[in-house]
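Okay, structure first, notes after.
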There are 2 protein chains.
Amino acid sequence: MSTARERILAATTELIASQSAEEISTRSICAKAQVGAPEISRQFGGKRGLMAVVADRGFERFLASKRKNPRTEDPVADVRTAWDSHVRFALENPHLYRLMFTPDGEPKPQAVKEAQALLLGVLGRCEAAGRLVLAPAVAGQAILAANVGVCLMMLSFPELFGDLAVSEVVRDAVLGKVTGQAQEGGGAGQAAAAVLARALVGALSGTVTVEDEVVQALSRSLDS
Amino acid sequence: MSTARERILAATTELIASQSAEEISTRSICAKAQVGAPEISRQFGGKRGLMAVVADRGFERFLASKRKNPRTEDPVADVRTAWDSHVRFALENPHLYRLMFTPDGEPKPQAVKEAQALLLGVLGRCEAAGRLVLAPAVAGQAILAANVGVCLMMLSFPELFGDLAVSEVVRDAVLGKVTGQAQEGGGAGQAAAAVLARALVGALSGTVTVEDEVVQALSRSLDS
DNA sequence: ATCTTGTGTTAGCGTCGCCAACACCACAGG
DNA sequence: CCTGTGGTGTTGGCGACGCTAACACAAGAT
């Protein structure tokens with residue numbers, strides 16, 4: 001038999017899989033945990049305190065599942081898969097997710113900062129690779145806010161936002177913005193403009209031919 | 001003296017300016033509305049029903065404030081100001097906003113669809129102007145989800161998301177994605193690439209000079 | 001005059017979160 | 001050996017909650 005505190009947490013975690021935090025009564029928790037009624041107050045200082053701990057435990061699972069994601073050589077792609085695993089977690093644990101990201105009053109789960117710290121790690125790699133056009137802090141806030149918004153709308157209004165296409169659109173939008181790449185060939189357009197401009201200048205000044213400049217630029221882009 | 005139903009709604013609207021929906025007790029509502037305790041059940045079928053009506057009234061105010069926004073000749077700019085007024089409404093009515101966009105259980109406010117319908121109207125003008133690269137329905141869902149996400153994070157974690165910069169980043173990201181324009185000069189970059197390409201072709205084929213093409217393109221862009 | 005509709009009043013139900021008080025038991029230190 | 005001492009279970013109850021039944025009353029419609 002484990003300790004009372006762990007039994008209460010296990011029971012609550014089990015109940016929140018099928019009920020919202022409000023719908024769960026402390027009495028039902030105590031019954032399932034085989035614990036007296038005053039135990040929750042003793043251990044957690046009340047229902048809100050218990051729920052805050054449950055939320056933090058949820059964040060641990062959340063972060064653990066994210067840490068399992070492979071860490072490829074493309075940090076931006078890693079951010080993309082992190083987004084998708086975020087959405088998956090929300091859809092698989094709707095009530096827990098709402099408890100984590102829409103807390104009512106104090107105390108609020110403290111682990112949101114850890115989630116952002118994890119995201120900031122990947123974004124740091126993005127910046128080191130020169131893929132960021134924004135400060136990692138702002139980029140992280142933007143990504144997290146958009147990600148949470150998509151998930152909450154999918155949970156609250158599934159008939160309006162049930163489609164995963166919305167998630168992909170917003171994800172690519174924010175990622176494109178943060179990395180400075182336009183989404184469909186926009187970055188290529190900028191690069192083309194730069195190449196052509198350089199080629200033009202060279203050609204007009206007579207130093208090189210347009211063909212040489214374009215060929216060189218193409219070979220450079222194929223290398224990277 | 002107005003009707004009991006209206007007094008209850010007015011009292012609730014007044015209370016929700018400083019308290020969350022959970023924190024408000026039906027008894028406090030009845031006291032302020034000078035109404036007997038059973039009146040809420042009679043009129044709204046219970047507290048949840050009352051809150052759903054309050055949320056729908058909130059949506060009416062929300063939409064009314066949006067309809068006051070000027071309707072310029074640039075529909076994309078109109079979407080942008082709609083985003084900003086959305087954020088302003090959320091910050092000015094935090095508890096009401098959370099009631100509107102994070103309902104717990106049934107019945108859910110039905111007016112979210114009206115909000116999306118209003119957004120779809122502007123997006124229809126965008127599409128008519130050839131500014132959309134996505135279906136208006138998907139674009140509307142993406143914009144609304146991202147907008148709500150930013151607001152909810154600002155309300156739930158003000159110490160992490162208190163900055164309006166996040167809102168602007170996400171707004172420009174989604175709007176850029178939806179309109180197919182790169183965010184900062186990306187559209188200009190694409191246009192430059194097209195102009196230069198045309199100029200190059202013309203110059204290489206000997207039909208026109210580079211200068212003529214560029215000057216013509218510049219004068220065209222200055223006209224529009 | 002009667003009926004309907006909306007409203008106010010009283011009393012009470014069952015549940016909720018929480019707490020005080022006490023009893024029990026294992027385990028370390030004297 | 002006792003003796004705290006801390007963690008745990010039990011009982012009973014407090015005040016507040018949402019909600020409902022039952023009844024009374026007034027005004028307008030029929």
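Only this structure's heavy atoms are used, side chains among them; waters, hydrogens and symmetry mates stay out. So you know, we letter chains A, B, ... as the sequences are listed, proteins then strands, and number each from 1.
Closest approach of A:Val166 to B:Ala145, counting heavy atoms only: CG1-CB, 4.4 Å. B:Gln43 and B:Arg5 get closest at one heavy-atom pair: O-NH1, 3.1 Å.
Residue contacts shown for A:Glu22 are absent, as no nucleic acid heavy atom lies under 4.0 Å away. Using a 4.0 Å heavy-atom distance criterion, B:Gly46 is classed as a sugar-phosphate-only contact. Contacts of A:Ile24 with the nucleic acid, taken as non-hydrogen atoms under 4.0 Å apart, involve only primed sugar atoms and P, OP1 or OP2.
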Does the pair A:Leu152 and B:Val148 meet the rule for a side chain to side chain contact (heavy atoms under 4.5 Å, CB included), with working shown? CA-CA 9 Å; A:Leu152 287 178; B:Val148 172; 6.0 Å; no

Derivation and outcome, side chain to side chain contact (heavy atoms under 4.5 Å, CB included), residues A:Leu132 and A:Val76: CA-CA 9 Å; A:Leu132 277 192; A:Val76 177; over 6 Å; no

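On the nucleic acid side, DNA chain C contacts chain A at distances under 4.0 Å to non-hydrogen atoms, with the end points of that region at C:dC16 to C:dA21.
In this entry the distance linking CD of A:Gln34 with C1' of D:dT8 reads 14 Å, nearest Å. Following rounding to the nearest Å, B:Leu50 (CG) and D:dG18 (P) show an atom-to-atom distance of 11 Å. Residue A:Ile40 contributes atom CD1, which lies 18 Å from atom P of D:dG7 at whole-angstrom precision. If you measure from atom CD1 of B:Ile29 to atom P of D:dC17, you get 11 Å, rounded to the nearest angstrom. Spacing between atom CD of A:Glu39 and atom C1' of D:dT8 amounts to 6 Å, rounded to whole angstrom units. The distance between atom CZ of B:Arg27 and atom P of D:dC19, rounded to the nearest whole Å, is 10 Å. Note: CD (B:Glu23) to P (D:dC17) measures 12 Å, nearest angstrom.
The side chain of A:Thr3 contributes an N or O atom lying less than 4.0 Å from OP1 or OP2 of D:dT8. Residue A:Arg7 has a polar side-chain atom (N or O) positioned under 4.0 Å from OP1 or OP2 of D:dG9.
A:Asp74 and A:Arg80 are not joined by a salt bridge, as no carboxylate oxygen comes within less than 4.0 angstrom of a charged side-chain nitrogen. Salt bridge B:Arg57/B:Glu60: absent, no basic N to carboxylate O contact under 4.0 Å. Salt-bridge annotation for A:Arg171 and A:Asp84: present, with a side-chain N of the basic residue lying under 4.0 Å from a carboxylate O of the acidic one.
Nucleotides of DNA chain D nearest to B:Arg42 and B:Gly45 differ in position, and the one nearer the 5' end is that of B:Gly45.
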